[in-house]
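See structure below.
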Amino acid sequence: MQNKKTAIYPGSFDPVTNGHLDIVERAVKIFDELVILVADNPEKKYMFNSFDRKNFIEKSVVEFKNISVRTHEGLLADYLSEKKIQIVIRGLRFVSDFEYELSLALMNRKLNGQIETIFLAPREELIYLSSTMVKEIASFGGDVSRWVPECVKTALKNKYSTRKQ
Ligand code: ADP
């Protein structure tokens, strides 16, 4: 029997956007199993805690039986070694992503020689989209419905309305 091909899509997902979900939909067609790994880095400041970030993704991918969502604190390379997974998915938008993404891919490979990173490009209209931009638009009361799932839109609304009080 052939082994199942599993890939990991790691990221901050603070919060998940339709750009991330576009990459998820592409990856899930290529691999048998996809693990979305929500990074919990104590050095990084997130708007949403890892529980919420994971929850938003879970709600957005319920229809996929071959996707699981996990959180992880620590090195991605260690997680991959422990789970015996070799393929990492990352999204590429602009040339500006490229330098960071390439250095990350090479660093991960240095830490664990088995790791291969695969870059996927989103639909053209999502290429400008980032979690940072969505947070900025929401902070000024702008409508983010076409960029994020409903649960994220609601959470952003709540976050900014409580902040203003
Ligand atoms: P990180 O902090 O690890 O970069 P992000 O949540 O910002 O986490 O992004 C995770 C991955 O998703 C990265 O590879 C990033 O380039 C990709 N990504 C983010 N937004 C988009 C988008 N709109 N289209 C395609 N890929 C994206």
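Atoms within each ligand, like the ligands themselves, are counted from 1 in listed order.
When S12, A105, G91 are checked for heavy-atom proximity to atom 1 (P) of ligand 1, S12 turns out nearest.
Of the possible polar contacts, none joining the N18 side chain to the L21 backbone as a donor-acceptor pair under 3.5 Å is found. No donor-acceptor distance shorter than 3.5 angstrom exists from the side chain of K44 to the backbone of A39, with no hydrogens or angles considered. Between the side chain of Y46 and the backbone N or O of N41 there is at least one donor-acceptor pair closer than 3.5 Å.
Remark: ligand 1 atoms within the under-4.0 Å shell around heavy atoms of F13 are 6 (O).
At a heavy-atom distance under 4.0 Å, only side-chain atoms of K44, from C-beta outward, approach ligand 1. Contacts between Y9 and ligand 1, counted as non-hydrogen atom pairs separated by less than 4.0 Å, involve the side chain only. Contacts between I23 and ligand 1 below 4.0 angstrom, taking non-hydrogen atoms only, involve the side chain exclusively.
Where the criterion is an N or O separation shorter than 3.5 Å, residue side chain and backbone included, D14 fails it with respect to ligand 1. Checking only distances, Y100 never comes within under 3.5 Å of ligand 1, N or O to N or O. Between I127 and ligand 1, no N or O atom pair is found at a separation short of 3.5 Å. Between L129 and ligand 1, a contact under 3.5 Å exists for at least one N or O pair. For ligand 1, the polar-atom distance check against S130 finds no nitrogen or oxygen pair separated by under 3.5 Å.
By the 30° and 60° cut-offs, the orientation of the rings of F56 relative to F48 is perpendicular.
Among K5, R109, R90, the one residue that satisfies the salt bridge (Lys or Arg N to Asp or Glu O under 4.0 Å) test with E116 is R109.
Residue L126 places a heavy atom less than 4.0 Å from ligand 1.
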